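These notes concern the structure reproduced below.
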Amino acid sequence: MVCLGNICRSPLAEGILKSKVSDSDFIIDSAGTGGWHIGELPDSRSIEVARINQIDITDQSCRKFVYQDFQDFDLIYVMDKSNMADVLSLAKNDEDRMKVTLILDELYPGKFKEVPDPYYGGGNGFEKVFVMLDAACDQIVNKLKDAK
């Protein structure tokens with residue numbers, strides 16, 4: 001799961017997906033395309049909206065997306081087109097590029113819908129983002145079950 005700073009959207013997506021699958025079956029992580037918050041907890045508003053939905057994301061530590069992530073992960077979900085461009089700029093081949101998808105493409109294939117960055121908005125923006133990511137993660141879980 002990748003967003004800009006790895007403090008709002010991608011930590012929520014990581015926490016949501018982890019809450020829906022077995023830890024022993026999947027490795028789920030998140031990262032940001034920028035390195036401003038490396039080592040920090042997610043934004044307090046992300047922590048709060050996750051907590052309200054019975055998900056604890058306080059064990060997460062922000063990190064920056066690196067090329068090694070293409071080697072370590074089979075699927076790379078990005079939150080918006082800018083994140084996608086940043087991640088794809090690190091790709092070395094078609095195999096890397098094929099791993100990268102806008103997360104809302106799971107709900108709206110080919111529509112190129114983006115998860116808005118709630119950072120500068122009010123708390124309601126975090127709730128809306130949670131709902132979007134929760135629905136997308138439900139679809140990801142269905143996709144993973146079908147692949148087994």
Side-chain angles (χ1 to χ4, degrees), residues 1-88 90 96 98-109 111-148:
M1 304 297 183
V2 182
C3 68
L4 181 60
N6 191 214
I7 59 171
C8 296
R9 297 169 290 176
S10 59
L12 277 174
E14 175 186 345
I16 293 166
L17 190 56
K18 280 182 173 178
S19 76
K20 295 176 183 291
V21 299
S22 168
D23 287 343
S24 62
D25 291 337
F26 301 99
I27 297 170
I28 302 163
D29 198 8
S30 62
T33 57
W36 310 281
H37 302 285
I38 293 173
E40 295 177 18
L41 285 172
D43 186 285
S44 62
R45 296 166 293 180
S46 286
I47 291 171
E48 179 63 13
V49 76
R51 185 194 63 75
I52 289 168
N53 290 279
Q54 290 77 49
I55 298 172
D56 182 5
I57 62 171
T58 59
D59 63 337
Q60 295 183 30
S61 178
C62 299
R63 70 178 188 86
K64 187 172 181 182
F65 184 88
V66 294
Y67 177 74
Q68 184 63 39
D69 290 322
F70 285 110
Q71 308 309 306
D72 294 342
F73 299 98
D74 297 320
L75 302 169
I76 299 169
Y77 287 103
V78 296
M79 302 297 132
D80 62 39
K81 294 173 198 167
S82 177
N83 304 147
M84 180 173 263
D86 290 341
V87 167
L88 289 175
L90 297 175
D96 292 345
M98 294 299 294
K99 294 181 177 187
V100 184
T101 305
L102 284 165
I103 194 166
L104 291 184
D105 274 1
E106 292 298 339
L107 296 172
Y108 310 102
K111 300 290 185 190
F112 304 105
K113 290 186 176 268
E114 301 177 298
V115 178
D117 190 341
Y119 186 77
Y120 291 109
N124 190 24
F126 284 80
E127 293 168 17
K128 288 178 181 178
V129 164
F130 185 94
V131 170
M132 288 178 195
L133 293 173
D134 190 47
C137 286
D138 281 343
Q139 191 62 31
I140 292 167
V141 169
N142 290 336
K143 182 178 185 177
L144 293 173
K145 285 180 185 174
D146 291 344
K148 276 193 159 186

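All residue numbers in this chain count up from 1 along the given sequence. Everything numeric here is computed off the predicted structure, so don't read it as measured data.
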At what distance, to the nearest 0.5 angstrom, does [atom1] of [X] lie from [atom2] of [Y]?
{"X": "L133", "Y": "C8", "atom1": "CG", "atom2": "SG", "answer": "11.0 Å"}
{"X": "N142", "Y": "E106", "atom1": "CG", "atom2": "CD", "answer": "10.0 Å"}
{"X": "L12", "Y": "D134", "atom1": "CG", "atom2": "CG", "answer": "10.0 Å"}
{"X": "D29", "Y": "K18", "atom1": "CG", "atom2": "NZ", "answer": "6.5 Å"}
{"X": "D25", "Y": "K145", "atom1": "CG", "atom2": "NZ", "answer": "11.0 Å"}

For this session: Begin from the C-alpha positions of M1 and I16 and carry the test side-chain contact (heavy atoms from CB on, under 4.5 Å) through to its verdict.
Result: CA-CA 11 Å; M1 304 297 183; I16 293 166; over 6 Å; no
Exercise. Who passes side chain to side chain donor-acceptor pair (under 3.5 Å) against T101, sequence neighbours left out?
Worked result: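 Side chain to side chain donor-acceptor pair (under 3.5 Å) check on T101 returns nothing, list empty.
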Spell out, as yes or no, whether a donor-acceptor pair under 3.5 Å connects the side chain of [X] to the backbone of [Y].
{"X": "Q60", "Y": "P11", "answer": "yes"}
{"X": "Q54", "Y": "I52", "answer": "yes"}
{"X": "E40", "Y": "I7", "answer": "no"}
{"X": "D56", "Y": "T58", "answer": "yes"}

Exercise. Would R9 and N83 satisfy side-chain contact (heavy atoms from CB on, under 4.5 Å), going step by step from the backbone distance to the final call?
Worked result: CA-CA 11 Å; R9 297 169 290 176; N83 304 147; 3.8 Å; yes
Exercise. Considering residues, nucleotides and ligands other than F73, do more than 12 of their heavy atoms fall under 6.0 Å from its CZ?
Worked result: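 Enclosed.
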Problem set entry | Heavy atoms of other groups near Y108 OH, more than 12 under 6.0 Å |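 Open: at most 12 neighbouring heavy atoms sit under 6.0 Å from OH of Y108.
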Exercise. Between E14 and I57, does a side-chain contact (heavy atoms from CB on, under 4.5 Å) hold up when you go through it step by step?
Worked result: CA-CA 8 Å; E14 175 186 345; I57 62 171; over 6 Å; no
Problem set entry | Stepwise side-chain contact (heavy atoms from CB on, under 4.5 Å) test for K20 and D138 | CA-CA 8 Å; K20 295 176 183 291; D138 281 343; 2.7 Å; yes
Exercise. Can you check whether F65 and F70 have ring centres sitting under 6.0 Å from each other?
Worked result: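 They qualify: ring centres under 6.0 Å apart.
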Problem set entry | Single hit among K99, R63, K64 for salt bridge (Lys or Arg N to Asp or Glu O under 4.0 Å) with D69 |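 When K99, R63, K64 are each tested with D69, the salt bridge (Lys or Arg N to Asp or Glu O under 4.0 Å) holds only for R63.
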Exercise. D43: what forms a salt bridge (charged side-chain N to carboxylate O under 4.0 Å, His left out) with it, not counting sequence neighbours?
Worked result: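 Partners of D43 under the salt bridge (charged side-chain N to carboxylate O under 4.0 Å, His left out) test: R45.
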